**Q** 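A single structure is presented below for examination.
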Amino acid sequence: MRLTRDFFSRDVLDVAPELLGKTLVRQFETGEELRLTINETEAYRGEDDLGCHASKGRTSRTEVMYHQGGLVYVYLIYGMYWLLNFTTGTEGYPQAVLIRGSVDIEGPGRIGRALKLNKSFYGEDLITSERLWVENNSANSPKTDIITSPRIGIDYAGEYWAGRHWRFRG
DNA sequence: TCGACGATTGCC
DNA sequence: GCAATCGTCGAG
């Protein structure tokens, strides 16, 4: 069953770990469907978080993070990889959770490539989209064996923010 | 308008 | 160890 707006409308530090074990579904134009079980996420939280793109303020790139939860935030990194994020929380407080990996496909860049993401996914609504959404598993049992660690690739954010254990695996 | 750089990956 | 490759952002 598809995750609701309420699921994403909570703090990113609650949503990020709960996405572990959930199923990411991509419906291609051909009708073909790709289903991935999320097993790695990272939280990016507010303008104070120097590792979060929103630390630069409200720009055309970060705009969607200031909107409601359950929207897609994609951006091109290193000129070749589209990284997939979901907005969380409520209007006005920029947050996003980065999908870093799945059981079958590891790595944020590889996820974006497998899902054939591009700029057109920016702002896509996971609650109503017919090409990308997230589903709950029937069991719906919260994971207990979650490993937390520092986020990857944000050393520039300084010791404090780079040191937050906002990376979740399980 | 210009130049630096990045929430990465894969090959040398 | 480092190139690939381009949108974004801040400086000029």
Side-chain angles (χ1 to χ4, degrees), chain A residues 3 7-8 10-24 26 34 36-90 92-126 129 132-134 143 146-170:
Chain A
L3 295 185
F7 178 90
F8 293 101
R10 297 171 297 143
D11 193 280
V12 68
L13 292 179
D14 292 322
V15 176
E18 285 187 37
L19 278 173
L20 300 176
K22 298 291 189 292
T23 304
L24 180 59
R26 169 75 163 100
L34 178 61
L36 300 175
T37 302
I38 299 170
N39 70 355
E40 183 174 350
T41 61
E42 274 181 5
Y44 289 86
R45 188 169 181 262
E47 295 182 343
D48 293 341
D49 177 4
L50 296 182
C52 180
H53 289 161
S55 63
K56 294 182 181 301
R58 199 162 184 156
T59 68
S60 58
R61 183 203 211 191
T62 65
E63 177 65 24
V64 75
M65 280 197 278
Y66 287 79
H67 294 195
Q68 65 183 334
L71 305 181
V72 172
Y73 166 42
V74 289
Y75 66 91
L76 185 66
I77 188 68
Y78 299 116
M80 56 188 92
Y81 300 109
W82 287 95
L83 301 205
L84 176 64
N85 302 252
F86 303 146
T87 64
T88 62
T90 53
Y93 183 9
Q95 301 185 333
V97 50
L98 168 68
I99 305 303
R100 286 197 66 89
S102 68
V103 173
D104 298 302
I105 300 172
E106 285 290 337
R110 291 173 178 169
I111 292 284
R113 188 174 57 190
L115 297 179
K116 292 185 168 61
L117 300 182
N118 57 58
K119 194 172 187 174
S120 76
F121 280 85
Y122 186 92
E124 186 91 358
D125 192 341
L126 294 169
S129 176
L132 185 65
W133 65 89
V134 185
K143 292 191 75 70
I146 295 175
I147 299 172
T148 67
S149 56
R151 292 172 293 178
I152 303 297
I154 58 162
D155 288 346
Y156 61 81
E159 195 176 321
Y160 179 80
W161 293 106
R164 299 299 89 194
H165 280 41
W166 287 359
R167 177 188 184 204
F168 306 90
R169 291 202 289 172

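Note on naming: letters A, B, ... go to the chains in the order of the sequence lines (proteins, then strands), and numbering restarts at 1 for each one. All of these numbers come straight from a predicted model, not from anything done at the bench.
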**Q** With sequence neighbours left out, write down each residue that passes side chain to side chain contact (heavy atoms under 4.5 Å, CB included) with A:Pro94, or none if nothing qualifies.
**A**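 Checked A:Pro94 against side chain to side chain contact (heavy atoms under 4.5 Å, CB included); matches are A:Glu47, A:Ala54, A:Met65, A:Tyr66.
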**Q** Which letter, B, S or -, goes with each nucleotide of nucleotides 2-12 of chain B from 5' to 3', with contact meaning a protein heavy atom under 4.0 Å?
**A** ----BBBSS--
**Q** Of all residues at least two apart in sequence or in a different chain, which pass the side chain to side chain donor-acceptor pair (under 3.5 Å) check with A:Ser129?
**A**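 A:Ser129 satisfies side chain to side chain donor-acceptor pair (under 3.5 Å) with A:Glu124 only.
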**Q** Using distance only, find each side-chain donor-acceptor pair of residues 77-87 of chain A under 3.5 Å and give its atom names and separation, not counting sequence neighbours.
**A**
residue, atom, partner, partner atom, Å
A:Asn85, ND2, A:Tyr73, O, 3.1
A:Asn85, ND2, A:Leu83, O, 3.4
A:Thr87, OG1, A:Gln68, O, 2.7
A:Thr87, OG1, A:Gly70, N, 3.2
A:Thr87, OG1, A:Leu71, N, 2.9

**Q** Applying side chain to side chain contact (heavy atoms under 4.5 Å, CB included), name anything that partners A:Lys116, two or more places apart in sequence or on another chain.
**A**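 Applying side chain to side chain contact (heavy atoms under 4.5 Å, CB included) to A:Lys116 gives A:Arg26, A:Phe28.
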**Q** Does either side chain, that of A:Ser102 or that of A:Asp104, offer a donor lying less than 3.5 Å from an acceptor on the other one?
**A**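 No pair is found: no donor N or O on one side chain lies under 3.5 Å from an acceptor on the other.
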**Q** Under a 3.5 Å cut-off on both pairing distances, which runs of 3 or more consecutive Watson-Crick or G-U pairs involve DNA chain B?
**A**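 So the stems come out as B:1-6 with C:6-11, B:8-11 with C:1-4.
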**Q** For residues 59-73 of chain A, which residue pairs qualify under salt bridge (charged side-chain N to carboxylate O under 4.0 Å, His left out), counting only residues two or more places apart or in two chains?
**A**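 Counting only pairs at least two positions apart or across chains, the salt bridge (charged side-chain N to carboxylate O under 4.0 Å, His left out) contacts touching residues 59-73 of chain A are A:Arg58-A:Glu63.
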**Q** For A:Ile105 versus A:Arg110, what's the shortest heavy-atom pair and its separation?
**A**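 Taking every non-hydrogen atom into account, CG2-CB, 3.6 Å.
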**Q** Any residue in residues 159-170 of chain A with a heavy atom nearer than 4.0 angstrom to DNA chain C? Just list them by number, or reply none.
**A**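 The answer is none.
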**Q** Closer than 3.5 angstrom, by distance alone: can the side chain of A:Thr41 be matched with the main-chain N or O of A:Ala16 as a donor-acceptor pair?
**A**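 Yes; judged by distance alone, with no hydrogens or angles, the pair exists.
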**Q** Going by salt bridge (charged side-chain N to carboxylate O under 4.0 Å, His left out), name the pairs with one or both residues in residues 146-166 of chain A, residues two or more places apart or in two chains.
**A**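 Qualifying pairs, neighbours excluded: A:Asp49-A:Arg151.
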**Q** Which residues pass the side chain to side chain donor-acceptor pair (under 3.5 Å) test with A:Thr59, not counting sequence neighbours?
**A**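 Partners of A:Thr59 under the side chain to side chain donor-acceptor pair (under 3.5 Å) test: A:Thr62.
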**Q** Is a side-chain donor or acceptor of A:Glu42 paired with a backbone partner of A:Ile152 at a separation under 3.5 angstrom?
**A**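 Checked: pair present.
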**Q** Taking side chain to side chain donor-acceptor pair (under 3.5 Å) as the definition, give me every residue that meets it alongside A:Arg113, ordered by chain and number, with sequence neighbours left out.
**A**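 With sequence neighbours excluded, A:Arg113 shows a side chain to side chain donor-acceptor pair (under 3.5 Å) to no residue whatsoever.
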**Q** Could you tell me the boundaries of the chain A footprint on DNA chain C, defined by atoms under 4.0 Å from its heavy atoms?
**A**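 Terminal contacting nucleotides, 5' to 3': C:dA4 to C:dC9.
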